[in-house]
Structure formats: structure tokens, C-alpha cells
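Residue numbering restarts at 1 for every chain, and letters A, B, ... go by the order of the sequence lines.
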2 protein chains.
Amino acid sequence: MRQDASPRQDQRDSASVTLQDIAAHAGVSRSTVSLVLRESPLVAERTRLKVQRSIKALGYVYNRGAAALRGSRTSTLGVVVYDIANPFFGAMVAGIDAALNREGYVSFLANSEDSPARQQRFLERMREHQVDGILLCPAEGTDPALIDTLDDWGMACVQVLRHVGEPPFDYAGANFHQGVCQAMNHLVALGHRRIAFLGGHSEHSATRERWQGYRESLEHHQLAYQRLLRSTVTRRDGVDMIEKLMAESPAPTAVVCHNDLVAFGAMLGLKRLGLVPGVDCAVIGTDDVEEASLGDPALTSIATHPHAIGEEAARLALRRIANPAGAREQVVLAPRLQVRDSCGAARPASDAAVPDPAAGEHA
Amino acid sequence: MRQDASPRQDQRDSASVTLQDIAAHAGVSRSTVSLVLRESPLVAERTRLKVQRSIKALGYVYNRGAAALRGSRTSTLGVVVYDIANPFFGAMVAGIDAALNREGYVSFLANSEDSPARQQRFLERMREHQVDGILLCPAEGTDPALIDTLDDWGMACVQVLRHVGEPPFDYAGANFHQGVCQAMNHLVALGHRRIAFLGGHSEHSATRERWQGYRESLEHHQLAYQRLLRSTVTRRDGVDMIEKLMAESPAPTAVVCHNDLVAFGAMLGLKRLGLVPGVDCAVIGTDDVEEASLGDPALTSIATHPHAIGEEAARLALRRIANPAGAREQVVLAPRLQVRDSCGAARPASDAAVPDPAAGEHA
DNA sequence: GCTAAGTTTTAGATCAATCTAAAAACAACC
DNA sequence: GGTTGTTTTTAGATTGATCTAAAACTTAGC
């Protein structure tokens, strides 16, 4: 009836074909078949071909579970993120998937929802499944000792985007510090003197790095105005924070945001106040998600390349699995400031004491 | 040194503790320990407690690979989506994760990028790993025979969101047909007579269902104007399509969009033309992603509840695994029209021959 | 005290691969 | 033809759990 090419008809119904069956069919031993499967150079060309024919004829399926029992690798990895519904993590997971796919690895995914308990449960499951390694965006409140524990468990662990504990550890992420400095330099060059930073929650490494960049930039450019608002990092937070800030006196002429969601919120908040983003107040986001270029106005954003970070993290994990004793690595990707319409020059009309001549040069 | 509660000190260094070791420690047989682990009622209370103490004392870790080799289940599932960077799928995966987590299942994730070849590679890997089942958002161009093949492989397969082939099959998704009808009814009640449908690509079930809803609504309300534009479904497509439509004469007074991204694009396109979304042209999206409520104006959208769909799909898969011979099920969730500001009444000023009195009732 | 029935426990086979160490096959050389 | 050295192949042990069928231990009844 069915006309497809697979040799399903030949197989006995759904009963699984084993090395033993192939050995019998090809007239060799189980060991030889195993060697063929693992592409050992020990086996003679003629034998190899004969065995491969039998493998095809019987529709053999490699049993990775059985192989893992005797061997040392499972070719599986665990991936933990805390918000898979966030497109940033989606892109990152896509990068991980692409890199692993190339190497024949496959990954379990868990969404911790920033709950250390849930994260812990998943990691214990991963241990039971004997994954070779873990890619971990640690949930908020993760005990730094966890990294050592994973090491004791014999699973390679690469932290991604955030990290807990002290180096040396394996890590892949973006240089948020540098990214914020780039944004600040750009704004200062445009003549801005009152720049606020919006958002960031509790004590994550990724937040600390941004805030440090902000503070150091202020110092470096000798700017007196400093306004750093903590918050969760949703679009609504952006609305709330910008409304609060613009009611202050003096109000900022520019804001740098923890991520693009906050930045979208800030732009929306400005519009609700009857102000024009990029004219009345410059807005810069972080991540450069796909929507950034299609905003109104198009959002200037610090591009952090989640797909690339995912790929780097996966590759680092594979390196560590291949060489568990090797030196720990930190792969920190440089961000790039993607300039668009939401960060015009500071208005001369605003109450700046001395209009900056530099503004003209760069406007 | 380290003060945590885990009995790591007792274990011999990283060598794994087996049932045999526990049996020796507790003074019982390997079989008894196995029964305790699986909570068999056969084991006497005293023995059970004794064995559980030994399990704790030795820091035993269950080896699921070994268990799967002898047993029939792996407690693993494969999940295939075609665009994990899309927040809609992110939310769906979060729903799947939540439902599986409760049942002690864990899932492999793959991002097919709508490539049947890549999807096929992943499914073969899943077979090698002997997953109990697959949650599949089939890639574009998937051969309908694939569903039967998976069945032959002995893996439960639940299609999600899209489906290929003929029923009966297991499926979880949203009632897109009904959703579009709700949107159309709403627009008609507001007085709209020229309603276009934007977006949808090639022959997916999820697209066909939307288009059918559109066409049947037109017929039901006896509307002569029909304009259905095919496209991929990105924000940019929305911009392009609305610009094209508004240049036509007569132009539509409302558009229903394949998803929220297209709708955002349509709103942006209207603004670029100097028109006001919700006033000059009503816009309705599909999915009701988080951003919908924060748009400018807030977007009316057909909420399809991706998280709930993910949960339903996962639960259905677990049911099928528990009972492979059971009747196939289709779980189709009813969408809900989330009315916001982007779909005002059709303007009396526009060239409608007869202003509809119904518009007043609902405005 | 012995048998029968019920409750607990266990030895040994099994699952499907890998690994080790040794055997078999082949070639080359004296 | 026998020895040596390679190249191939293989038997059998091993991995860590589950399963089956039987053994060992209780308890009840006469």
C-alpha cells in the first residue's frame, strides 16, 4: 500500500533489532558490529560494507540508552533558562540548538521561572539521566555552591548570561558593562548631560555589570546628574519609571534601559505624556530584539546577540565535556550600539546651563 | 569545610552508588531495593525504612538509563517547534514544561526552523533515545506519512497548533476558525463592511482554518468586499500589506491579521501613511501576546492562550503514553476576543453608501 | 506439630550496548 | 614449514537496573 522507501516491511513488527540480530544476519560477531557502528579503523573494508548492508536491511536503530550504560557519554545536555517566553531567551535557545545539532548532541530544556527549587528539581533529574553537561542561566537566588555541586556530580556546567559564585567558572555572555558605556558615550557626544538608567532587579551579575557601566560613565564624563531606578524589567515598568522621572525637576534628557521591553515602555510613557521619544527625551534599549527596528520611532539599542551567545555557550560546554580538566573559560561577546531614531540630540531649549558645542558636531 | 546537609562526604569519590551497594549496606537483596525505589506495596514497612536510610546514607542516584533499558518507559518526551524565538512558542513551551514537570517527565527540545530535514534528523535521534512520545508542531512541507511512521516507531505523537494528514490523530490547538468569526462579528457589529484579512503562508492547517473563518463570515454577513492577502507573518509583512491595501480604492475599513506581529506592522504602516489605527482603519490581531495591551493604540486581539495549549498538549501526550490504544483526541481551545482600542467603529465619513445604524449601538 | 495460605524476600536471567584481552587469520621472512 | 608480526575478529565480562519464578518466612487452622 504505502510506497515509501524505508524498509519497514522487512522488520518483525516493532520488536527492536539489536546488534545480535545484525551479527547473525551478517555472519559476524556482536563486537564487530559494534566496531562498525563506531567507525573503528580496526574493521576490514569488506566486513564493514557487509555489516552496513545488514544494518540497513534490518532497519536497525541505535540504542543510545544501552550505549550510555556501558560507555561514558550520553550525548545529551540540560539547558535551564528562567523565562523561555522572553524572545531573547528564545533566540538564545535557538543558537544553542543550532550548535548542538551540528555535533549530534540533543538537549533537555527546563524553564525555571526564576525558582531555585524548580531549578534544583530539574538538575537532579538531569543527573538521573546522566547528561554530559548543563547550560545554566541561574535562577534568581541560586546558591553559588550549586556550581561546585554540579562539578562534583561530574556534569560540565556553563553559566550563561548571568553567573553566580566566584571565577574561575565557565561562562558565556555579553559585555553589558561595555554596552552601557557605548550608549553613554553616544549620548554624551550628542550633548546629553542628564542621563538616567532604567531598570534592573536585585543582585544579578548581568544587572550589576550594567549599573557599573552607568556609574563609571557618569564619573568618566564628570556628569553630576545620577538617577538609577531599580525595577523588574517589563514594558509596564518602563511606562511607570519614565512617568515618574519626567515629573521630576530637573527631568533627564535621555534614558538608557535595562532591556528593550523597558525601552518600549519608556517610549510609550513619553507619548502618553505628550512628549516625543528621541526629541523630548532620548531612549536607548538593550538586546536589539527584532521589534526594535520597527518601533515608532525606531529604537536605538545595545545589540547583545542572543543567538551567538547561545552558540558560544554550547560550544564551550562541548569543549569542557571533551576536556573536563581544562582551564575554565569566559566567553564575553562585545555588544554593538545599533543607532536608530530614538536618541536625537538633547534639545538646546531645555534648561541646560551651557549648551554643549559638541552636540553640533555629532547631530 | 562546606556546611551543607548533603551527605557528600560519605560517598566514595564520584564513583556511582548502585542498587548492589545499597543492598549490601542495608543487608537485603538488590531486588528488594529495586522494589523500595518503585514504591512497591510488596515490601514490609521495616525493610522499607531500613533501605531508605541506606539510600540516603550512600547518596544514591537513580540511573534512569539503566532502568529504561530493562523497563518500557524513559519518562522523556521530544518537543519540536519551528520558531522558538517567537514568544508565542516560548509561552507554549513554558506550558508544556509546567505540565510535564508535575508528572516527573522531562523533554528534549528542537527548533526545526521549518525544515523537514532537520525535523527528521531530530526525530530519528529521539527514536535512538527512546523517548515515550513527541509533541510536534510540524515543519512546513512535512510529509503526512510522518505521523504513521512515528506510530510505527512506537512513539506517541501529539500534533500541536498545526496538523498534517487526516484524522484521527492526537492534536491540541486553538479554534482559529471560531476566533476569526468572533473578530468578524465584532467588526460587523461596529458597522464595518469592507474587511480584509492579512497574512498566512502556504497550506498550513492553522492558516486554512483562519481563511475559512474569514470567508464564511463574509458569506454569513453577506459582505461583497473580499480581500485576502497571503504572506509570511512578520511585522514587516504587516507594513507592506497595509500600505498596499490603503492605496486601493475602495480601501478596507478594517483588517484582521494572521497574528499580532502582522497587526503591529499594520498599525505602524497606517501611522506612516498619516492614518490613525482604530479610527481610520480598525486592526485586529491574533494570539494576544503580552505586547498587545501596550501598543499605541492598544491592540484588539484574538487570544489563543499558548500556555494553555502547551499544557493540554503535554497532558494529552501523557494520556496517550499511558494508553497507546485509546481513541485519538483533538483538544481545541476556544479563543477569546480581547477588545481594546485598535478597532473603533467604521467612520461615517468614509465612502460607505449607507451608514449602518448598528454602529451606534456598539460603539 | 503439621499443612495451607499468605506475605516478603531473593537468585538469576535479561535488556542492548561497550570493553578487554585473547584468539584467529593472514602475510612476510628465513 | 615454522616463526614472527600484523591485522581482524571474537568470546565473555560488564554496566545498573527490572522481571520472573521460586524460596523463605509468617500466620492461621485443625
Spacing of [X] atom [atom1] relative to [N] atom [atom2], expressed in whole Å:
X: B:Asn63; N: C:dA17; atom1: CG; atom2: P; value: 17 Å
X: B:Lys50; N: C:dT8; atom1: NZ; atom2: P; value: 14 Å
X: A:Glu45; N: D:dT7; atom1: CD; atom2: C1'; value: 15 Å
X: B:Leu42; N: D:dC19; atom1: CG; atom2: P; value: 12 Å
X: B:Glu128; N: C:dA16; atom1: CD; atom2: C1'; value: 14 Å
X: B:Leu35; N: D:dA21; atom1: CG; atom2: C1'; value: 14 Å
X: B:Gln130; N: C:dA16; atom1: CD; atom2: P; value: 8 Å
X: A:Arg46; N: D:dT7; atom1: CZ; atom2: C1'; value: 15 Å

Listed nucleotide nearest any side-chain atom of [X], set [options]:
X: A:Tyr62; options: C:dA17, C:dT9, D:dT8; value: C:dA17
X: B:Val28; options: D:dT18, C:dT10, C:dT18; value: C:dT10
X: A:Arg70; options: C:dC19, D:dT10, D:dT9; value: C:dC19

Worksheet item: Between A:Glu311 and A:Arg102, is there a side-chain N and carboxylate O pair less than 4.0 Å apart?
Response: yes
Under a 4.0 Å N-O cut-off, is there an ion pair linking A:Glu124 with A:Arg127?
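No, this pair does not count.
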Phosphate-side-chain proximity, [X] and [N], N/O vs OP1/OP2 below 4.0 Å:
X: B:Ser34; N: D:dC19; result: no
X: B:Ser16; N: D:dG16; result: yes
X: A:Thr32; N: D:dT10; result: yes
X: B:Ser29; N: C:dT9; result: no
X: B:Arg38; N: D:dC19; result: yes

Side chain to side chain donor-acceptor pair (under 3.5 Å) test vs A:Thr142 passes for just one of A:His163, A:Arg162, A:Gln159, A:Gln119, namely A:Gln119
Open item on the list: If you assign each of A:Ser72 and A:Leu69 to its closest nucleotide in DNA chain C, which residue comes earlier from the 5' end?
Closed with: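 Nearest nucleotide further toward 5': that of A:Leu69.
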Heavy-atom nearest nucleotide on DNA chain C for B:Ala44 versus B:Ala66: which residue maps closer to 5'?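 Checking each residue's closest nucleotide, the 5'-ward one belongs to B:Ala44.
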N/O donor-acceptor pair, side chain A:Ser31 with base D:dA11, under 3.5 angstrom
yes
#### Entry: Side-chain donor-acceptor contact under 3.5 Å, A:Ser34 with A:Arg30
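On atom types as modelled, these side chains do not qualify, holding no pair under 3.5 Å.
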Looking across every strand, which nucleic acid part, if any, lies under 4.0 Å from B:Val51 by heavy atom: base, sugar-phosphate, or nothing?
->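 Since no nucleic acid heavy atom lies under 4.0 Å of B:Val51, the category is nothing.
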Using 30° and 60° as the class boundaries, would you call the ring planes of B:Phe89 and B:Tyr82 parallel, tilted or perpendicular? perpendicular
Looking only at heavy atoms, the pair that brings A:Ser54 and A:Ile22 closest together is CB-CG2, 3.9 Å
The residue, A:Arg48 or A:Arg30, whose nearest nucleotide of DNA chain D is more 5′ is A:Arg48
